[in-house]
Amino acid sequence: MDHSLKIYNSLSKEKEIFQPLHPGRVGMYVCGPTVYSDVHLGNCRTFVSFDVIYRYLLHKGFKVRYVRNITDVGHLLDDGEDRMSKGARVSQLEPMEVAQKYSNGFHDMMRMFNALPPSIEPRATGHIPEQIEMVQTILANGYAYEINGSVYFDTLKFIQEKGIYGMLSGRKVDELIAESRELKKQDEKRHPADFAIWMKASEEHIMRWRSPWGEGFPGWHLECSAMSTKYLGEDFDIHGGGNDLKFPHHENEIAQNMGACRHTGAKYWLHTNMLLLNGRKMSKSDGNTISPVELFSGNSPHVSKGYSPMVVRFFMLQTHYRSTLDLTDEALQAAEKGYRRLMEANQALQGLAHPGPDIKGPLDEEIQTLMGQVEEEINDDFNTPKTLARLFELVSKINSLKDGHLSFEGLTSSTLDQLKTLFREFIFDIFGLQDEAQGGGDSAALDGLMQLIIEMRADARQRKDWPTSDKIRDTLKELHIQLKDSKEGTAWVKE
RNA sequence: GGUCGGGUGGCCGAGUGGCUAGGCAGAGGUCUGCAAAACCUCGUACGGCAGUUCGAAUCUGCUCCCGACCUCCA
């Protein structure tokens with residue numbers, strides 16, 4: 001059985017066996033959000049994907065330094081205005097207030113999705129000296145030029161000397177020349193493919209810092225180069241982000257890294273695919289959009305009801321991170337049921353006691369094989385849908401054992417224990433799911449109450465008092481509590 | 001237009017030369033006072049047209065359709 005981790009590298013366009021630069025340690029940088037408005041659901045998908053990757057690396061025993069930045073400067077709009085400044089102007093706040101407000105919202109959302117916080121969450125504005133230093137290095141190396149207080153990366157020269165520009169996005173410079181849009185300040189650039197690494201601040205520009213080239217602000221791509229270098233070194237293991245960042249952001253990042261320290265930065269580049277709504281890209285302008293909050297509350301024409309964060313997370317795991325994920329109401333409903341099935345099976349499993357005797361037979365082997373496959377699937381480029389498929393095959397076994405359709409004969413108690421551990425680890429530690437059916441703080445009282453009701457119904461059933469027992473069952477159903485009868489007694493679950 | 005990724009059973013979604021995931025929905029059965037839950041069985045799908053092959057959904061060519069990116073984007 002192959003237990004090595006394989007990762008698809010966007011740089012080589014192939015799956016490669018993961019070998020960390022330093023044994024036992026992994027450095028991972030993921031491009032975080034620009035905090036100028038509420039988090040987009042698509043952001044959530046990307047960060048949930050990397051959360052699973054982070055969690056799995058931790059599970060494998062790696063010491064992981066996970067850096068995910070917050071962009072709070074330099075990300076310009078079409079008209080040349082800074083996204084942060086615009087947010088500040090529109091709501092009459094300090095740019096830092098805008099950044100703080102949406103950072104808080106972003107963190108709240110990540111918590112709802114049960115995404116682990118990164119080890120370091122650096123902000124672009126907190127690393128202006130590092131960025132200025134990098135600009136100086138790139139200038140000194142001859143891959144940039146200064147004009148009127150702005151500094152541009154000399155893409156053409158870089159291409160001529162290094163010949164690697166475009167390796168990530170598969171782009172060619174001739175095309176870049178021919179198709180580049182008309183942009184403000186483009187006239188300053190020597191070549192349309194050049195990009196700003198330091199921008200001179202105009203009179204009305206609020207966010208500005210002193211630099212060797214006058215007052216200005218850093219270019220959008222620079223922060224990631226500067227901060228990844230600072231916290232992970234000139235060479236590190238994994239760099240991740242959304243597909244849409246491949247070009248120009250990551251392409252330029254690589255160019256900057258090469259321009260500054262002659263390294264590409266990360267060894268493995270991972271890109272998550274886009275989230276679609278009803279088969280097409282989410283877009284505010286044509287109404288084809290839904291926010292995380294709307295999705296949770298059901299307050300949107302695109303969904304028939306609300307879906308909990310864990311259902312949404314499970315839904316995301318059912319698709320591979322490199323495939324587009326199409327959000328539809330129907331698919332969410334299916335995911336909700338699947339999620340519950342998995343959770344309930346796990347609860348049943350954790351409660352299973354081996355009746356003995358402890359003998360190894362065909363069932364033991366079958367379960368061992370499936371458990372091995374679970375591990376194999378996640379090792380194959382974090383294939384969560386396939387991993388889930390394997391877990392669901394085990395769910396059938398678990399439910400059969402619980403219901404007595406399958407005998408414990410031939411299953412060792414050690415394998416049963418391993419299975420319990422495997423489920424706990426995959427569901428909670430790696431997939432990061434939480435059991436929402438497990439009641440909140442009032443669960444002790446509720447449990448007692450439900451126990452009483454279930455006993456009363458059992459009495460009624462013994463007396464063949466069907467109207468009473470059915471009334472209990474139906475009334476609870478209306479309260480979204482479902483009773484599940486089996487040979488072992490009655491269980492209940494919140495719907 | 002350029003670049004890239006797709007089109008898989010009613011829906012979602014893996015897979016990728018023969019052994020043909022999984023979830024949801026559906027049908028039949030077991031169980032049940034009746035249900036629900038659970039379990040068992042079932043559908044034999046891979047856009048179209050050619051070709052390679054003993055064998056293709058999987059490879060090649062052509063074609064149709066969809067999506068993303070092309071300096072706003074996770």
Side-chain angles (χ1 to χ4, degrees), chain A residues 13 30-34 36 39-50 75-79 83 166 169-172 174-176 178-181 183 186 192-196 220-221 240-249 251-252 271-276 279-283 314-315 318-320 322-328 330-339 341-342 344-345 348 373 377 380 383-393 395-406 461 464-466 469-470 473-474 477 482-487 490-491 493:
Chain A
K13 299 187 173 34
V30 173
C31 287
T34 303
Y36 66 102
V39 232
H40 184 97
L41 194 60
N43 281 279
C44 298
R45 193 227 175 167
T46 294
F47 300 132
V48 164
S49 295
F50 283 108
H75 206 154
L76 303 185
L77 294 161
D78 268 346
D79 59 8
R83 279 175 182 269
S169 55
R171 236 154 279 248
K172 293 190 178 61
D174 302 349
E175 289 158 7
L176 291 170
E179 288 153 26
S180 71
R181 271 199 232 162
L183 273 187
Q186 187 143 288
D194 293 353
F195 54 94
W220 171 39
H221 316 297
N243 222 334
D244 49 352
L245 293 182
K246 264 189 194 169
F247 187 86
H249 186 61
E251 199 68 72
N252 289 352
H271 290 96
T272 58
N273 216 134
M274 298 292 102
L275 175 72
L276 305 178
R280 40 192 62 251
K281 184 187 171 168
M282 284 203 205
S283 157
F314 177 87
F315 172 70
Q318 276 189 307
T319 303
H320 187 86
R322 282 192 287 116
S323 298
T324 50
L325 172 71
D326 190 8
L327 191 94
T328 61
E330 232 183 337
L332 281 163
Q333 284 190 24
E336 184 168 57
K337 295 196 175 157
Y339 161 75
R341 181 169 153 82
L342 183 65
E344 284 163 23
Q373 285 170 336
E377 303 298 5
D380 184 11
N383 195 328
T384 54
K386 248 194 144 179
T387 308
L388 275 172
R390 252 68 241 222
L391 288 174
F392 274 110
E393 285 180 53
V395 164
S396 292
K397 299 286 174 215
I398 291 163
N399 285 330
S400 292
L401 284 168
K402 183 196 73 175
D403 282 1
H405 295 298
L406 192 62
R461 291 180 74 197
K464 297 197 192 299
D465 179 1
W466 310 128
S469 72
D470 288 356
R473 184 218 285 158
D474 297 342
K477 180 88 186 161
Q482 190 192 22
L483 294 183
K484 297 184 173 187
D485 297 323
S486 74
K487 289 213 173 76
T490 302
V493 65

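Each chain gets a letter, A, B and so on, in the order its sequence line appears, and its residues count up from 1.
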Annotated structure of RNA chain B as dot-bracket, pair cut-off 3.5 Å, Watson-Crick or G-U only, | for inter-strand, is (((((((..(((.....[...))).(((((.......)))))....(((((..]....))))))))))))....
Are OP1 or OP2 of [N] and a side-chain N or O of [X] less than 4.0 angstrom apart?
X	N	value
Ser323(A)	A14(B)	yes
Asn243(A)	G5(B)	no
Arg280(A)	G67(B)	yes

With sequence neighbours left out, what residues match [X] under side chain to side chain contact (heavy atoms under 4.5 Å, CB included)?
X	value
Gln482(A)	Lys477(A), Lys484(A), Val493(A), Glu495(A)
Ser49(A)	Arg45(A), Thr272(A), Tyr321(A)
Arg341(A)	Phe392(A), Val395(A), Ser396(A), Asn399(A)

Applying side-chain hydrogen bond (donor to acceptor under 3.5 Å, both in side chains) to Arg473(A) and not counting sequence neighbours gives none
side-chain hydrogen bond (donor to acceptor under 3.5 Å, both in side chains) filter on His320(A), not counting sequence neighbours, yields Asp381(A)
Residues in residues 395-402 of chain A with a heavy atom under 4.0 Å of RNA chain B, by number, are Ser396(A), Asn399(A), Ser400(A)
Within the structure shown, what part of the strands sits under 4.0 Å from [X] by heavy-atom distance: base, sugar-phosphate, or nothing?
X	value
Gly279(A)	sugar-phosphate
Leu342(A)	nothing
Gly42(A)	base

Protein heavy-atom contacts under 4.0 Å, written 5' to 3' over nucleotides 17-22 of chain B as B (base), S (sugar-phosphate only) or - (none), form the string ----BS
Each nucleotide of nucleotides 30-36 of chain B classed B (base within 4.0 Å of a protein heavy atom), S (only sugar-phosphate) or -, in 5' to 3' order, makes ---BBBB
Sorted by chain and number, sequence neighbours left out, salt bridge (Lys or Arg N to Asp or Glu O under 4.0 Å) with Glu393(A) holds for Arg390(A)
Those residues at least two apart in sequence (or on a different chain) that pass salt bridge (Lys or Arg N to Asp or Glu O under 4.0 Å) with Lys397(A) are Glu366(A)
Comparing nearest nucleotides in RNA chain B, the 5'-proximal residue of the pair Lys337(A), Leu325(A) is Leu325(A)
(Q) Is there a side chain to side chain contact (heavy atoms under 4.5 Å, CB included) between Asn273(A) and Leu325(A)? Walk through the geometry before answering. (A) CA-CA 8 Å; Asn273(A) 216 134; Leu325(A) 172 71; over 6 Å; no
What protein N or O atoms touch nucleotides 44-46 of chain B N or O atoms at under 3.5 angstrom, if any, and at what distances?
none

